[in-house]
Amino acid sequence: MTSTKQTDAGSATGDRYSPAEIEPKWQARWDESGINKTRDSEPGKPNWYALSMFPYPSGDLHVGHWFMYVGADVHARFMRMQGYNVLHPQGFDAFGLPAENAAIERDIHPRDWTYGTIENMRGQFRLMGASYDWDREIVTCNPDYYRWNQYFFLKFFEKGLAYRAEGPVNWCETDQTTLANEQVRDGVCERCGTPIVRRNMTQWFFRITDYADELLDMSKIEWPENIKTMQTNWIGKSTGVDINFDISEYGLEEKHITTFTTRIDTVYGVTFIVLAPEHPLVESLIQPAQEKAVRAYIAAAGKASEIERTSTEREKTGVHTGSHALNPLNGERVPILVGDYVLSTYGRGAVMGVPAHDERDFVFARKYDLPVRVVIAPRDWDGGELKEAYLSAGVHVNSGEFDGLPNREGMEKISDKIEANNWGSRTVSYKMRDWLISRQRYWGTPIPMIYCDHCGTVPVPESDLPVLLPEHAEFKPTGRSPLIDDAEFVNTTCPDCGKPAKRETDTMDTFMDSSWYHLRFTSPKNDKEPFDPEIARNWVPVHRYMGGVEHAVMHLLYSRFFNKALRDLGMVDFDEPYARLFNQGMLITEGGKISKRNRPMPADPLVDRFGTDTVRCYLMFLGPWGDGGVWSDEGMNGPSRWLNRVWDLARRDPERLASVTVDPKAEEAINRAGHIVSKRAAEDYEQFKFNTVISALMEYTNELARLWDAGGISPPAWREAIEKLLRLLAPIAPHITEELWEKSGRDFSIHNELLPDWDDALTIADLVTIVVQINGKVRAKLELPADSSEEDVATAAMADRNVQAHTEGKQIRKRIYVPGRLLNLVVG
RNA sequence: GGGGAAGUGGCGGAAUUGGCAGACGCGCAGGCCUUAGGAGCCUGUGCCUUCGGGCGUGUGGGUUCGAGUCCCACCUUCCCCA
């Protein structure tokens, strides 16, 4: 028997694995051949839309991007090799703030900056070897894309889904502008450091709240439970009662304050009312003696963020207005306070204070010495003072005619009484607010609206779209949108009456762009409509959407809303945009996140040193894709060595085996190994466990190397084994497998092949190791046929010296047998 | 504050879902080879040990013949929030 060492094979063919040569070669070849082009349909192949969230063109693709996009590409390639017609597009989410900041800092036009970074990133994407169909690329800042944002906006406006209203914004006094939330760091403007204040401005909104209940229904999507829970919590539906407290004694236009509560059963326990500082009635209810204190309080409250204000750790503060309101149930006159733990944006911006039965109200009442009245008696209550708010169920006390009722029943009876007397009504409240679309920024889609002194707010006619961003804008560090000062842009004529009018200068939130880009990818060059509905229905709902968990409640909720709005406009006939969602984890370094600002680690140098396939393997080997990974510089050696070994094995000349006598046992072993690895790899690919796909393939290569050295294998069996290895590895390492596929004399391309099939019967070993335990401790391991009976195993076990030693003179009280696995003897 | 995820060797992680803990890889140690390399090959590597074995999956309890896996309480870390 000859033992053929790998060095022999290497010198025989004289080649080495050289990623720097083969990777650019195949990337060019794939481009030329159009292998990544996706047709709208292919006979005999079901469509599969594998979409990854497109990137913001921030300048460089860092390894964090690679981690995400390689995983998505592996999935797309896997599905192709499972026989699907796969759509795997890529584009750029190209509008947004960083371009504008770059314009201010470096005196470069946002457009030039953006197209520059896109050009750079296209090259880096190419380096990644991803199987994108670049003919379908989308760049959202192109007028041929954003014109459709405007088109949708007009449709939403017609349908009453877009409206203009006052809403709170972050305002920087120094820069005289609103700031996006991401521009506010620790309560100050990130550019000039001025503390930001909240103020109300007239802005455009989409009525996402109209769809709140439908958005809560997630029966038509297969998404991770945590994401669904996050959306549910975000929407924050609560059912309760709006109840009016009378303030007619002040002779105002408003005769009452409406509060929303989910605990109307506690209404007899109301001892005060708290208004949010922004509540419209605050101004008229301030009594002269309190004026100074209240105004100071409101000014201070404007500086706190909502997260701070609703924190349970923060001290609850408030101030008396000096006014009072009447509780309609018991006619009691209770004081009205202003407190910033009440938000204007939730419920009615006013709450009834029930210290006995609400934690926050309890703390608040203690601090301001307001009475605490128990109206739901705790079990075994002695009538004394409460040490903390009592939140559980109980029986009504101090509640007039409802005394003695269980509070659950009281809740309904009291609600009935309130409705019967017109004091209020049962209602549903949501935490989610309407989607604020307006941004006071240049680098975004202009909102296609015109303000005319005669005709009011007039939509730009569809035939006039797109409303183009002006070419020459001035970018100065004033913070004001350059559009406001662009007379040529702002001044226009009214489409209705033809008189001079002014354009809206707000641009759209960039979540608008990402709400429908998946539709655009299905017919990206359509210049008649945003997408072809007939083609779109063959791809959407997206079969598998992949991206980060950070979009759980923003992008993913907006897209769902958008889809439902389009459905109601008759533009699509399905209810959801993304059927299945998978969240890849985050790649971190020991220092923290790789993406974002702190540590962008470019992939290019790694590719230079190790090659794309090695970087791809390394990233996918770090751990389960869904869990993210921790980057370390040293781990790259593993996959690098492994791919070299793969190269070596695949380059061995099988004819060298021909002189060896074929051993049926060896043939069976190599065949079995092929079936086992095919099963393991396919199952793990399916579940995005790319790390264990790789470890299975590593074990397989180790096994092949052993089998080669042991000899007894026929050349055809070896060829088949290598072919399986290449096909199974192709989704992760597309270049090396393509090269080796060609070198072994097969037709272009391995990426048009299917993954190897397997026979379950051949994945089960016929000899198994059975563990023998005595009282749960391992005392022997037996090699026995897989189909051994319990008696066979017990007999074999008792023949073992160590087992005898541990059972000697003891009685076997119990015997547990797990077929093919374990025998546990309980002795005593 | 609210919501979510997770704790296994020096490190990343694996474990057929209640059945041999540590697969695979990194790192480290020893050896081999020589085109002296960031290359390749072989061997070893959880901890303790009187070499019989004992102990080990964040901590403390519990269920079970048997727990990384299930139950209860606690501790810690990470991620997200118009």
Side-chain angles (χ1 to χ4, degrees), chain A residues 5-7 10 16-17 167-168 180-182 205 208 224-234 236 305-314 341 345 360 431-437 509 511 548-555 557-558 583 585-586 588 590 592-593 609-610 617-618 621-624 626-642 644-645 648 680 683 689 691-702 705 763 769-781 802 805 813-828:
Chain A
K5 290 264 161 56
Q6 85 155 80
T7 44
R16 295 192 61 171
Y17 171 44
N181 283 295
E182 55 269 29
F205 292 86
I208 189 171
E225 283 306 318
N226 61 322
I227 301 288
K228 292 198 281 189
T229 305
M230 284 163 94
Q231 292 211 344
T232 302
N233 293 337
W234 189 258
S305 74
E306 293 197 354
I307 290 173
E308 286 163 6
R309 280 169 56 173
T310 51
S311 161
T312 50
E313 275 173 15
R314 185 165 175 267
Y341 73 99
T345 46
R360 289 161 308 176
K431 253 197 316 240
M432 181 174 68
R433 304 164 209 168
D434 274 338
W435 176 6
L436 196 163
I437 283 290
D509 180 7
F511 282 121
V549 69
E550 66 271 21
H551 291 110
V553 285
M554 294 154 69
H555 163 55
L557 201 56
Y558 293 145
N583 293 122
M586 188 162 321
I588 58 168
E590 278 141 74
K593 221 187 265 192
R609 230 170 85 188
F610 298 99
C617 283
Y618 170 68
F621 190 55
L622 283 175
D627 291 359
V630 180
W631 177 272
S632 89
D633 295 325
E634 292 175 330
M636 193 77 76
N637 290 333
S640 176
R641 285 172 195 157
W642 177 54
N644 272 297
R645 282 207 306 281
D648 161 65
R680 284 177 64 184
E683 288 177 353
K689 287 159 74 178
N691 58 326
T692 50
V693 171
I694 293 172
S695 68
L697 291 174
M698 284 173 167
E699 286 181 58
Y700 183 55
T701 48
N702 292 344
T763 62
T769 303
I770 291 174
V771 171
V772 182
Q773 297 183 337
I774 312 293
N775 290 344
K777 293 199 187 297
V778 180
R779 298 299 179 191
K781 293 178 186 181
N802 203 30
R813 299 182 187 279
K814 200 167 176 183
R815 194 169 79 184
I816 294 109
Y817 180 60
V818 182
R821 253 184 231 301
L822 163 146
L823 182 78
N824 188 14
L825 302 174
V826 183
V827 303

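In what follows, every chain begins at residue 1, and chains take the letters A, B, ... in the order their sequences are listed. Hydrogens, waters and symmetry mates are skipped; everything else that's a heavy atom, side chains included, is used. No experiment lies behind these values; they were computed from the predicted model shown.
Remark: A/Asn702 is in phosphate contact with B/rG25, judged by side-chain N or O atoms under 4.0 Å from OP1 or OP2.
At a cut-off of 3.5 angstrom, the base of B/rC65 holds no donor-acceptor pair with the side chain of A/Lys814.
Sorted by first and then second residue, the side-chain hydrogen bond (donor to acceptor under 3.5 Å, both in side chains) pairs with a member in residues 816-828 of chain A form an empty list; sequence neighbours excluded.
With RNA chain B read from its 5' end, the first of the two nearest nucleotides for A/Met636 and A/Asn775 is the one closest to A/Met636. Remark on RNA chain B: of its neighbouring residues A/Arg680 and A/Thr769, the 5'-side contact belongs to A/Thr769, judged by nearest-heavy-atom nucleotide.
Because its glycosidic torsion is more than 90° from 0, B/rG54 is reported here as anti. Glycosidic torsion of B/rU59 falls outside 90° of 0, placing the base in anti. In textbook terms, a nucleotide whose glycosidic angle is within 90° of 0 is syn, while B/rG46, being further out, is anti.
We find that CD of A/Gln231 is positioned 14 Å from P of B/rG4, with the value rounded to whole Å. One can place CD1 of A/Ile816 at 12 Å from P of B/rA67, the figure rounded to the nearest angstrom. If you take CG of A/Asn824 and C1' of B/rC20, they are 12 Å apart, rounded to a whole angstrom. The CD-P distance, from A/Gln773 to B/rA67, rounds to 9 Å in whole Å. The distance between atom CZ of A/Arg16 and atom P of B/rA39, rounded to the nearest whole Å, is 11 Å. Summarising the geometry, the separation between CD1 on A/Ile770 and C1' on B/rG19 is reported as 12 Å, rounded to the nearest angstrom. One interatomic measurement links the two molecules: CZ of A/Arg360 to P of B/rG2, which rounds to 11 Å at whole-angstrom precision. Between the CG atom of A/Leu822 and the P atom of B/rA67 there is a distance of 12 Å, given to the nearest Å.
Separating the C1' atom of B/rG68 from that of B/rC20 is a span of 14 Å, rounded to the nearest Å. Using P as the reference atom, B/rU8 and B/rU69 are 13 Å apart when rounded to the nearest Å. A gap of 11 Å separates the P atoms of B/rA67 and B/rG56, to the nearest Å. Using atom C1' as the reference point in both B/rG58 and B/rC78, the two lie 15 Å apart (nearest Å). For B/rG9 and B/rC74, the P atoms lie 24 Å apart once the distance is rounded to whole Å. Taking atom C1' in both B/rG10 and B/rA29, the straight-line distance is 13 Å, to the nearest Å.
The listed nucleotides are B/rC41, B/rG19, B/rA5; the one nearest the side chain of A/Arg645 is B/rC41. Checking B/rC65, B/rC81, B/rG3 against every side-chain atom of A/Trp234, the shortest atom distance belongs to B/rC81. When each of B/rA82, B/rC26, B/rG19 is scored by its nearest atom to the side-chain atoms of A/Arg641, the top-ranked nucleotide is B/rC26. Counting only heavy atoms from C-beta on, A/Met698 has its side chain closest to B/rC24 among B/rA82, B/rC79, B/rC24. Out of B/rG54, B/rG19, B/rC20, the shortest distance to the side chain of A/Arg779 is found at B/rG54. The side chain of A/Ser695 has B/rC24 as its nearest neighbour among B/rC24, B/rC81, B/rC20.
Atom OG1 of A/Thr232 sits about 11.0 Å away from atom CD1 of A/Ile227, to the nearest 0.5 Å. A/Met636 contributes atom CE, which lies 7.5 Å from atom CZ of A/Arg609 (distance to the nearest 0.5 angstrom). Atom CZ in A/Arg779 sits 14.0 Å away from atom CG in A/Leu823 (nearest 0.5 Å). Note that CH2 of A/Trp642 and CD1 of A/Ile694 are 6.0 Å apart. Values are rounded to the nearest 0.5 Å. Note: A/Lys781 NZ to A/Gln773 CD = 10.5 Å, rounded to the nearest 0.5 Å. Of the inter-residue distances, the one linking A/Leu436 atom CG with A/Phe205 atom CZ reads 4.0 Å to the nearest 0.5 angstrom.
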Exercise for the section: Determine which bases of RNA chain B form Watson-Crick or G-U wobble pairs with both distances under 3.5 Å, and write the result as a 5' to 3' dot-bracket string with | for other-strand partners. Expected result: (((((((..(((......[....)))((((((.(..)..))))))(((....)))..(((((..]....)))))))))))).

Exercise for the section: Check the pair A/Ile770, A/Leu822 against side-chain contact (heavy atoms from CB on, under 4.5 Å), reporting the backbone distance first and the verdict last. Expected result: CA-CA 5 Å; A/Ile770 291 174; A/Leu822 163 146; 5.5 Å; no

Practice task
Please report the C-alpha distance between A/Val553 and A/Met432 in whole Å, then the side-chain angles of each, then the deciding distance to 0.1 Å, and finally whether the side-chain contact (heavy atoms from CB on, under 4.5 Å) criterion is met.
Solution key: CA-CA 10 Å; A/Val553 285; A/Met432 181 174 68; over 6 Å; no

Exercise for the section: Let me have a per-nucleotide readout for nucleotides 42-51 of chain B, 5' to 3', with B, S or -, counting only protein heavy atoms under 4.0 Å. Expected result: ----------

Practice task
Heavy atoms under 4.0 Å is the rule here; annotate nucleotides 9-16 of chain B 5' to 3' with B where the base is hit, S where only the sugar-phosphate is, and - elsewhere.
Solution key: ---BSSSB

What's touching nucleotides 32-38 of chain B from the protein side, N or O pairs under 3.5 Å?
unit_1	atom_1	unit_2	atom_2	d
B/rG38	N1	A/Arg609	NE	3.4
B/rG38	N1	A/Arg609	NH1	3.1
B/rG38	N1	A/Arg609	NH2	3.4
B/rG38	N2	A/Arg609	NH1	3.2
B/rG38	N2	A/Arg609	NH2	2.5

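Within 4.0 Å of A/Thr229, counting heavy atoms only, lie sugar-phosphate atoms of the nucleic acid but no base atom. Counting any heavy atom pair closer than 4.0 Å across all strands shown, A/Val818 reaches a base atom.
Ring pair A/Trp435/A/Tyr558 is parallel by interplanar angle, where below 30° counts as parallel and above 60° as perpendicular.
Between A/Trp631 and A/Tyr618, the ring centre distance stays below 6.0 Å.
Put simply, the side chain of A/Asp434 gets close to the backbone of A/Ile208: a donor and an acceptor are under 3.5 Å apart.
Considering every non-hydrogen atom in both A/Lys431 and A/Asn233, the closest pair reads CE-O, 3.5 Å. Considering every non-hydrogen atom in both A/Pro224 and A/Asn583, the closest pair reads CG-OD1, 3.8 Å.
Under 4.0 Å is where a charged nitrogen must lie from a carboxylate oxygen, and between A/Glu699 and A/Arg680 at least one such pair does.
Residues passing the side chain to side chain donor-acceptor pair (under 3.5 Å) test with A/Ser640: none are found, sequence neighbours excluded.
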